[in-house]
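One structure below.
Since we're looking at a predicted model, the values are computed, not measured. Counting starts at 1 for both ligands and their atoms, in listed order.
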Amino acid sequence: MNELLKTLTITKTTSPKAKPDPATLGFGEVFTDHMFILDFDEGRGWHDPVIVPYAPISLDPAAAVFHYAQEMFEGLKTYTSAEGGLRLFRPDMNAKRTNRTNERICIPQIDEDLYVDAVKALVEIDKDWVPDFPGTSLYIRPFIIATEPFLGVRPSNSFKFIIILSPVGPYYKGGLTPTKIYVEDNYVRSAEGLTGNAKIGGNYAISLKSQVEAHEKGYHQVLWLDGKERRYVEEIGTSNAFFVIDGEVYTAPLTGTILPGITRDSVLTILKDRGIPVHEERFTIEEVYKAADEGRLSEVFASGTAAVISPVGEMLWRDRRITIGGGDIGALSQELYDTITGIQSGRLPDTHGWTVKL
Ligand SMILES: *Cc1c(COP(=O)(O)O)cnc(C)c1O
């Protein structure tokens, strides 16, 4: 175990909450009995890890996070596995991505073993909260906030790293249902030199307006185009986007404007294992529509921790509406979903060593 985590103190709740009915779980609405907190202060570094009863935290109203949004977050899940125990999926990748995000918004680096060990320690305490019902899991939300009470504009010199847990239901209650996507032609979420590849709350705040307008038009999510020309395809909502054209898979490259998804990386690895050609390269929305018009676009899907694989059934760009796959999930989308969830739950062999048993 990590040295710092050997100093972990645990205070258990004296009033455990009633657990929700696993059949009615939504996403991120219910939280478990405990949370992990680690403090950072300039000169001391990260110190005093604790697990304490889940409760509101008290911060100075001048804390930097409230004013200049110096904040980052992560998301991963733990599953009840086929053999009964719990498994995490590639938690080392979340730790690495945290440090890349931290680097971008001037939050101090955090030891990656400490990070994974802290996740494990908290899950262990609240393991009775992992729902055991088809499609459910325990969502893990690590995040870091700037806590220094100071209104000047410079990086904070104190932070809190917190982990909370939330039992979540299946993303799609009635099985994988294709979504309707609005191609965003006005707002952008990212551009070269900006923070599109960092997992920060600020990226989400600036995307809300677009999401609200898309909902008003009857669409579930937006497809983001590049911030400069609004031509190149980037991401779908808060997940990575894939297009199957002539049996080959296309997705935007990691050039700094999109979030490097762990599910994206897993999808690409599985495709390469199967010998399916993949292209991580820039391509335009015109090319997607041309392929659709010519009957060469067979599937569109999004990838992310929450839904794993989310098939797209319809897209609207300006006044051009296309349907994909006739309202059904495509064969490749289904196969990727089954493969990734199969590895996560231990039903399929984990040939890449992606899962960590607890
Ligand atoms: C988190 C996130 C993703 C998906 O990443 P995963 O690691 O696969 O969950 C994609 N895009 C954005 C903008 C994200 O914030």
Side-chain angles (χ1 to χ4, degrees), residues 27-28 69 71-79 88-102 104-105 112 115-116 119 137-144 166 168 171 179 181 184 187-191 194-211 214 220-227 232-243 249 251-271 278 280 300-312 333 336-337 339-341 343-344 352 354-356:
F27 182 80
E71 183 269 359
M72 69 78 56
F73 69 94
E74 270 297 330
L76 66 160
K77 284 177 172 175
T78 185
Y79 308 81
L88 294 168
F89 187 66
R90 311 186 75 181
D92 54 310
M93 297 280 280
N94 297 93
K96 285 198 187 74
R97 191 167 65 190
T98 293
N99 276 332
R100 286 198 305 269
T101 296
N102 288 2
R104 180 65 180 83
I105 59 161
E112 289 166 14
Y115 190 102
V116 175
V119 167
S137 58
L138 186 70
Y139 184 79
I140 303 165
R141 168 54 60 88
F143 62 105
I144 303 174
S166 173
V168 297
Y171 205 81
T179 56
I181 300 296
E184 181 56 75
Y187 306 111
V188 297
R189 81 171 276 282
S190 179
L194 252 170
T195 53
N197 56 352
K199 212 164 172 77
I200 60 175
N203 286 342
Y204 280 61
I206 63 168
S207 74
L208 296 174
K209 181 79 174 154
S210 162
Q211 188 189 320
H220 298 105
Q221 281 293 351
V222 302
L223 172 68
W224 297 107
L225 300 176
D226 76 280
Y232 294 96
V233 170
E234 299 220 316
E235 297 194 64
I236 291 178
T238 57
S239 44
N240 295 112
F242 292 83
F243 296 78
V249 181
T251 194
L254 301 181
T255 51
T257 58
I258 69 163
L259 205 282
I262 296 163
T263 320
R264 174 189 183 278
D265 184 81
S266 309
V267 164
L268 291 176
T269 304
I270 292 166
L271 292 173
V278 292
E280 288 182 69
V300 178
F301 61 90
S303 77
T305 295
V308 185
I309 299 292
S310 168
V312 172
S333 307
L336 286 165
Y337 178 84
T339 304
I340 295 174
T341 55
I343 295 170
Q344 286 169 337
H352 294 283
W354 283 341
T355 61
V356 174

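Shown in contact with R189 at under 4.0 Å from a heavy atom are these atoms of ligand 1, numbered in order with element: 13 (C). Those atoms of ligand 1 that come under 4.0 Å of a heavy atom in T305, given as number and element, are 6 (P), 7 (O), 8 (O), 9 (O). Contact atoms of ligand 1 toward N240: 10 (C) (distance under 4.0 Å to a heavy atom of the residue). For ligand 1, the atoms closer than 4.0 angstrom to any heavy atom of Y204 are 14 (C), 15 (O). The atoms of ligand 1 that sit less than 4.0 Å from any heavy atom of R97 are 5 (O), 6 (P), 7 (O). Interface of G261 with ligand 1, defined as ligand atoms under 4.0 Å from a residue heavy atom, comprises 5 (O), 6 (P), 7 (O), 8 (O).
Counting only heavy atoms from C-beta outward, the side chains of N197 and L254 never approach each other to under 4.5 Å. Considering only heavy atoms from C-beta on, Q344 comes within 4.5 Å of I340 through its side chain. Looking at N240 and V267, their side chains never come closer than 4.5 Å, going by heavy atoms from C-beta outward. In this structure, the side chains of E71 and I105 stay at 4.5 Å or more apart for every pair of heavy atoms. Contact annotation: the side chain of W354 approaches that of I343 to within less than 4.5 Å [non-hydrogen atoms, C-beta and beyond]. No side-chain heavy atom of W224 sits less than 4.5 Å from a side-chain heavy atom of S190.
The protein heavy-atom contact nearest to atom 2 (C) of ligand 1 is K199 NZ, 2.6 Å. Here the protein heavy atom with the shortest distance to atom 3 (C) of ligand 1 is T238 O, 3.3 Å. Nearest protein heavy-atom contact of atom 8 (O) of ligand 1 is T263 OG1, 2.7 Å. Annotation: atom 11 (N) of ligand 1 to nearest protein heavy atom, E235 OE1, 2.6 Å.
Remark: ligand 1 and I262 share an N or O pair separated by less than 3.5 Å (distance only, no angle test).
Residue contacts with ligand 1, taken as heavy atom pairs separated by less than 4.0 Å, do not involve M93 at all.
For the ligand labelled ligand 1, residue S239 lies inside the 4.0 Å heavy-atom shell.
Between E74 and K199 there is no salt bridge, since no side-chain N of the basic residue sits under 4.0 Å from a carboxylate O of the acidic one.
Aromatic ring centroids of F73 and Y204 lie under 6.0 Å apart.
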Original post:
Between E280 and R264, does a salt bridge (charged side-chain N to carboxylate O under 4.0 Å, His left out) hold up when you go through it step by step?
Top reply: CA-CA 11 Å; E280 288 182 69; R264 174 189 183 278; 2.8 Å; yes

